[in-house]
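As structure tokens, the structure follows; a few thoughts come after it.
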Amino acid sequence: MKGDLVAGVHADRDVCIGAGMCVLTAGAVFDQDDDGIVVVLDEHPADVAAAREAVANCPSGALSLTEE
Amino acid sequence: MVPIHMQRAGFDPAPELAELRAGKGIKRIRTAFGMEAWVVTRFADVREVLSDPVRFSNARLQEAGRAPGLPPVSPEERARQLAGNLLAADPPEHTRLRRMLTPEFTVRRMRRLEPRIREIVDEHLDAMERHGPPADLVAEFALPVPSLVICELLGVPYADRAEFQARSNRQLDLSHAVEDRMRAARESRAYMAKLVAGAQADPGEDMLGMLVREHGDDLTPDELVGIASLLLLAGHETTANMLGLGTLALLRHPDQLAMVRDEPERVDAAVEELLRWLSIVHAGTGKMATVDTEIAGQRIAAGDLVMCALPTANRDPELRTHPDALDVTRGGAGHVAFGHGIHHCLGAPLARMEMKIGFPALLRRFPGLAEVPGTAEFRSFSIIYGLTSLEVTW
């Protein structure tokens, strides 16, 4: 994997306000539990662009993306 | 005189504000309530202010004083009026309230409301069709649809709905005298208190019922009344004005209208672009700086008020190329029409769903929809931008 772009998605459930923007932007990567709080479905998504957009648009700043 | 951050030129923000964004980015203004505030105009700066509830407080704003000319209220009544109002709260109080409401606004929960919203939309289109042209789209469609959706959400009984709608309109119509609106607001709170008492005695499947069942021990009756009142205020005129003004925007851009009407797969992007382009909420809630700080290179002193101009932020060339063009094919969620940060609109999924259902249904029912020239009336002095009326024919 050396040299490959691998994105790691992380969500801080304590910071999440349940706006649901991540589900709207990258529904394959994120979901909301019954309380409306973010759940990461895919920690290493193929569609990095959508994940990046979701991270950038998260109103509460609960999402982060590490690229290695 | 309309304060600068509430001025518009048709669909566009006031030219003076766009110039400010291209220049210094921030300036001292006088608000509608006679107080001085900083107005912030760039997308990045607006997001910075809205993202930081520690430096920029909503709750502290309540200390900044009340609008001149309003009758005084006792501290106890003031506290009652603010209970449950998420927009007047900072963490941890805000976090506590929002966590209780979040489950009711998930994308999944909204899908359960979808069939009922479709029915409400169709009923009003039926009535318009029966009545025949011309019709005032604001009064016949844009206003009643979100109002009935709120009734549905709150569990307002059918028998009360006409009266509920009339009272909401009186309370929210800024063309009415302030005394009339305050009287309507008191009546509205009294009604909500009745609704809350009913939910406590016999909790139904609506949102108040859910709050009582799940959090009955954590929420005071005043807080429940406050939550219900905020949902009414925040969910009523916002969506109504998006439906009204959005329809006019599409009527004046026929190529864009045709795509919304004929290409269902485009509706999500179209709604986002209309939200961005119209930015009907001028500024959201004001903030009070809690510390000496800096925005757009300007020193802000602790205690200063800060307003975020959402329309100029959403028309910032840093956000979109050709930001002043309405292009429904490119819509994305990266705008601040619903605000940003912890106060990002709780009802955004509901608003989106009402528009995604409402616009195509209206345009398909009346493929020949056209404005009656000269009848569209923009609201020049209101917390929320939009139309007071729009005569249409078909």
Side-chain angles (χ1 to χ4, degrees), chain A, chain B residues 43-44 46-48 50-54 86 89 91-92 94-112 207 210 214-215 268-269 271-272 275-276 284 318-319 331-353 356:
Chain A
M1 290 293 281
K2 202 172 175 220
D4 285 359
L5 196 66
V6 179
V9 174
H10 179 73
D12 186 337
R13 288 171 48 88
D14 291 333
V15 172
C16 176
I17 54 161
M21 293 289 296
C22 52
V23 183
L24 208 68
T25 324
V29 185
F30 302 100
D31 197 1
Q32 288 170 283
D33 66 16
D34 287 344
D35 291 329
I37 303 303
V38 61
V39 177
V40 178
L41 299 175
D42 184 356
E43 282 180 30
H44 302 286
D47 188 351
V48 178
R52 192 178 290 122
E53 203 191 332
V55 171
N57 289 336
C58 173
S60 62
L63 306 181
S64 54
L65 191 74
T66 52
E67 285 176 51
E68 296 152 6
Chain B
F43 182 73
V46 163
R47 290 232 321 185
E48 184 182 341
L50 297 179
S51 300
D52 193 342
V54 176
L86 281 81
H94 174 270
T95 318
R96 179 181 81 91
L97 292 168
R98 181 142 185 158
R99 285 262 158 165
M100 295 183 207
L101 288 169
T102 300
E104 285 298 294
F105 287 94
T106 58
V107 175
R108 209 173 294 124
R109 176 75 180 79
M110 288 304 114
R111 288 198 189 115
R112 267 171 39 207
M207 180 176 302
M210 183 283 294
E214 302 274 319
H215 306 286
D268 288 7
V271 164
E272 297 308 322
L275 283 161
R276 178 195 75 83
E318 296 290 319
L319 174 64
H335 58 70
V336 288
F338 287 119
H340 192 68
I342 60 165
H343 295 284
H344 178 274
C345 177
L346 179 70
L350 177 61
R352 286 189 165 105
M353 174 155 290
K356 282 174 196 177

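Letters A, B, ... mirror the listed sequences (proteins, then strands); counts begin at 1.
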Which heavy atom of [X] sits nearest to which heavy atom of [Y], and what is that distance?
X: B:V107; Y: A:Q32; result: N-OE1, 3.4 Å
X: A:A19; Y: B:P349; result: O-CG, 4.1 Å
X: A:I17; Y: B:H344; result: CD1-CB, 4.1 Å
X: A:N57; Y: B:H340; result: O-CE1, 4.1 Å
X: A:D14; Y: B:R99; result: O-NH2, 3.4 Å
X: B:T102; Y: A:D35; result: CG2-O, 3.4 Å

- Item | pair A:D31-B:R108: side-chain heavy atoms closer than 4.5 Å |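 Touching, per the 4.5 Å side-chain cut-off.
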- Partners of B:E104 by salt bridge (Lys or Arg N to Asp or Glu O under 4.0 Å), sequence neighbours excluded?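 Counting only residues at least two positions away or on another chain, B:E104 forms a salt bridge (Lys or Arg N to Asp or Glu O under 4.0 Å) with B:R109.
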- State which residues pass side-chain contact (heavy atoms from CB on, under 4.5 Å) with A:R13; sequence neighbours excluded, sorted by chain then number.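 Partners of A:R13 by the side-chain contact (heavy atoms from CB on, under 4.5 Å) criterion, ordered by chain and then number, come out as A:D33, A:I37, A:V38, A:V39.
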- Item | chain A contact via B:L346 - side chain, backbone, both or neither, heavy atoms under 4.5 Å |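 Interface part for B:L346: neither.
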- Task: Identify which part of B:E272 has an atom lying under 4.5 Å from any heavy atom of chain A, answering side chain, backbone, both or neither.
- Result: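 Side chain only.
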- Between B:A333, B:C345, B:G334, B:S51, which has the largest tally of heavy atom pairs under 4.5 Å with chain A?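 With the most close heavy-atom pairs to chain A, the winner is B:A333.
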